[in-house]
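These numbers come from a predicted model, not from an experiment. Below, chain A is the first sequence line, B the second, and so on; all start at residue 1.
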Amino acid sequence: GLRKGIFSALSKIKGKRKLDEDELQDMIRSLRRALQEADFNVRQTKELTERLAMKMKEEEIRPGITLQTHAMNILYTELVRLLGPPKEIPPRGQTIMMVGLYGQGKTTTTAKLANWWSTKMQANVAVIEADVHRPGAFSQLSQLLEGTKVSVFGDPESKDAVDIVRRGIEKHSNVDILIIDTAGRHQLDEELVVELKDMSNLVNANERILVIDAQVGQAAGPVAASFNDLVDVTGVIVTKLDGTARGGGALSAVAATGSPILFTGEGENVKDLEKFESDRFISRLLG
Amino acid sequence: MIKEGKALNALLEEIEWAMLESDISSAAVSDVLGLMRGSLIGSRLRKGANLAKVIEATIKRALQSILRADYWDFEATIEKYISEGDKPVIIMLVGVNGTGKTTTTAKIAYKLKNKGYTVVAAASDTFRAGAIEQLEAHMDRLEIKCISSQRGGDSAAIARDAISHAKAKGADVVLVDTAGRMQNKTNLMNELQKVHRVTNPHLVLFVGDALAGNDAVEQAAEFSRVLTFDGAVLSKMDTDAKGGAGLSIAHATGKPIVLVGTGQEYTDLHQFDPEWLLEQLFE
Ligand SMILES: Nc1nc2c(ncn2[C@@H]2O[C@H](COP(=O)(O)OP(=O)(O)OP(=O)(O)O)[C@@H](O)[C@H]2O)c(=O)[nH]1
Ligand SMILES: Nc1nc2c(ncn2[C@@H]2O[C@H](COP(=O)(O)OP(=O)(O)OP(=O)(O)O)[C@@H](O)[C@H]2O)c(=O)[nH]1
Ligand SMILES: [Mg+2]
Ligand SMILES: [Mg+2]
């Protein structure tokens with residue numbers, strides 16, 4: 001795991017209280033390699049390790065702490081800093097739009113969020129299935145929310161996503177929380193980009209959430225940046241953390257959108273949603 | 001004369017980061033660098049030779065050998081089975097959640113139907129919400145028979161029924177679409193092994209997301225270990241993905257990428273061309 005990689009990197013400086021330049025560079029190199037395996041953005045890795053090296057040189061090490069522990073603490077602090085302060089979404093007066101690439105978990109996460117607020121906060125929640133491209137999307141969202149108090153609006157016969165959203169908003173104007181699930185898309189698909197812009201202008205959602213799969217690699221940063229350009233992302237949700245993916249790409253998404261991770265997806269069922277905790281996320285990343 | 005030393009190390013390090021940036025796994029990159037170091041050190045540069053070109057050629061050769069290992073042509077392989085009377089050809093699609101298995105099943109169905117083959121689909125994802133509806137909708141559009149049951153049904157039984165139906169009708173191909181699953185979930189991998197035992201497929205295709213980073217290695221290695229697969233489909237290559245995941249998968253399993261998905265339409269599926277991927281990576 002990354003922690004093993006980091007400790008082996010730091011073991012090169014074990015028992016030392018001061019490093020010479022060559023040793024420092026050697027440690028930095030192995031650290032970069034270890035971060036890379038967790039899908040950190042290559043450029044972000046470079047910056048992070050350079051900052052670590054700088055701090056190692058200028059910070060006073062407290063007595064009784066090895067250089068190894070000191071380096072680990074600096075890394076941990078840097079990662080927490082990168083993740084930014086947490087953000088809580090109040091369970092009233094919300095219109096939320098879910099966006100992201102193909103197959104990331106948007107529909108599943110829409111259901112999870114709706115169920116979360118409906119059950120935990122007794123909020124009156126409605127969801128709109130605005131994906132007119134993927135066959136079975138409306139069935140998928142409806143089935144996921146079976147047995148809950150969440151209203152599901154959609155129109156499997158329609159090919160007009162903007163119109164579905166308009167009708168859905170009209171019908172559910174009095175809910176506490178309205179969540180709109182959109183089709184997977186990429187900035188290279190012009191038709192879908194236009195569709196998203198039109199939906200976005202109509203809805204004027206106060207939360208625009210980017211859903212990103214923990215397995216996404218170096219594409220995470222550029223993809224998040226492009227969605228940020230399109231809708232000005234306000235929050236990130238990382239899915240499929242119950243698999244083996246480390247989620248290093250999620251940090252790139254945070255950096256590219258300037259917004260915090262709100263929740264994590266931990267499984268396929270509607271209950272498998274957790275509030276984001278940076279401690280847990282970082283220790284899993286370093287695991 | 002290329003010598004061991006600081007200059008070569010610095011150069012190889014820059015190349016390492018470039019390869020990692022294209023999403024090639026750390027394991028594959030370090031193997032390629034090892035090969036490069038071995039073939040470069042002690043070799044003499046011809047007078048006027050461009051070191052950059054020599055390096056690029058060396059890397060390309062190393063990557064080519066990874067991608068060409070055990071390479072096979074999808075359509076030719078299907079044709080061969082059918083011409084030998086070995087039908088219905090049973091193809092099973094596997095992979096983690098959301099990588100494009102169901103959409104790839106539809107694309108393969110379209111491709112083979114256009115070649116004049118009769119295809120039967122098995123909706124063996126009996127677990128996920130809307131999964132049966134999704135495949136049925138695709139097969140309705142393509143006018144291809146789809147065997148399905150109620151949600152929660154037995155996935156192996158559906159596959160077996162589809163094969164019996166295909167045999168009874170003299171159909172050429174059966175496509176078994178399975179549910180996405182994380183490879184670290186033992187009970188789900190056991191279920192997949194059961195479907196594999198019951199269907200005894202001619203071909204197992206691992207569908208991997210081109211967007212995946214190092215986890216592509218974990219997924220492919222475990223699916224290969226538990227099931228073995230014959231080839232991989234690299235989906236979503238029309239996105240920002242550099243395609244390094246294709247190298248990671250081939251390197252980790254010794255199995256080739258045989259098909260590439262380049263969009264959401266039925267026509268967006270092509271025989272994988274290693275040269276095309278290398279051109280993408282190098283441009
Ligand atoms: N294991 C696991 N699977 C998940 C998680 N979130 C979503 N999935 C699965 O990932 C697959 C894709 O999820 P969807 O919700 O359909 O993804 P999507 O982004 O709506 O996909 P498109 O609408 O096609 O772009 C499904 O099999 C889900 O069950 C998660 O946190 N863990
Ligand atoms: N752009 C693009 N999208 C693709 C491609 N292949 C699949 N998709 C999309 O990815 C999303 C997920 O595809 P599915 O076929 O449902 O994936 P799956 O592997 O069957 O998902 P699960 O059964 O839930 O594990 C859908 O929105 C597809 O249209 C591709 O090659 N390019
Ligand atoms: Mg969806
Ligand atoms: Mg599927």
- Task: State whether a side-chain donor-acceptor pair under 3.5 Å links Gln183(B) with Arg225(B).
- Result: no
- Residue from Ala219(A), Ala111(A), Gly243(A), Gly105(A) scoring the most non-hydrogen pairs under 4.5 Å with chain B is Gly243(A)
- Side-chain donor-acceptor contact under 3.5 Å, Gln215(A) with Asp209(B): no
- Query: Angle class for the Phe206(B)/Phe229(B) ring planes (parallel below 30°, perpendicular above 60°, tilted otherwise)?
  - Reply: parallel
- If one checks every heavy atom of Asp23(B) against chain A at 4.5 Å, the contacting part turns out to be both
- Are the side chains of Thr45(A) and Asn41(A) in touch, meaning some heavy atoms are under 4.5 Å apart? no
- Note on the structure: Whatever's closer than 4.5 Å to a heavy atom in chain B on Arg32(A) counts as both
- Which bit of Lys242(B) is near chain A, if near means a heavy-atom gap under 4.5 Å: side chain, backbone, both or neither? neither
- Measure Leu192(A) against the heavy atoms of chain B and call it side chain, backbone, both or neither at under 4.5 Å. side chain
- Does Tyr110(B) reach the side chain of Ile144(B), with side-chain heavy atoms less than 4.5 Å apart? no
- Note on the structure: Greatest number of non-hydrogen atom pairs under 4.5 angstrom with chain B, of Gly267(A), Gly136(A), Ala245(A), falls to Ala245(A)
- Query: If we ignore angles and hydrogens, is there a donor and acceptor under 3.5 Å between the side chains of Arg181(B) and Asn187(B)?
  - Reply: no
- Note on the structure: Bottom line for Glu222(B): the part with an atom under 4.5 Å from chain A's heavy atoms is neither
- Turns out that what part of Leu141(A) lies under 4.5 Å from chain B's heavy atoms comes down to neither
- Task: Give the member of Arg43(A), Gln140(A), Glu146(A) that has the highest number of heavy-atom pairs under 4.5 Å with chain B.
- Result: Gln140(A)
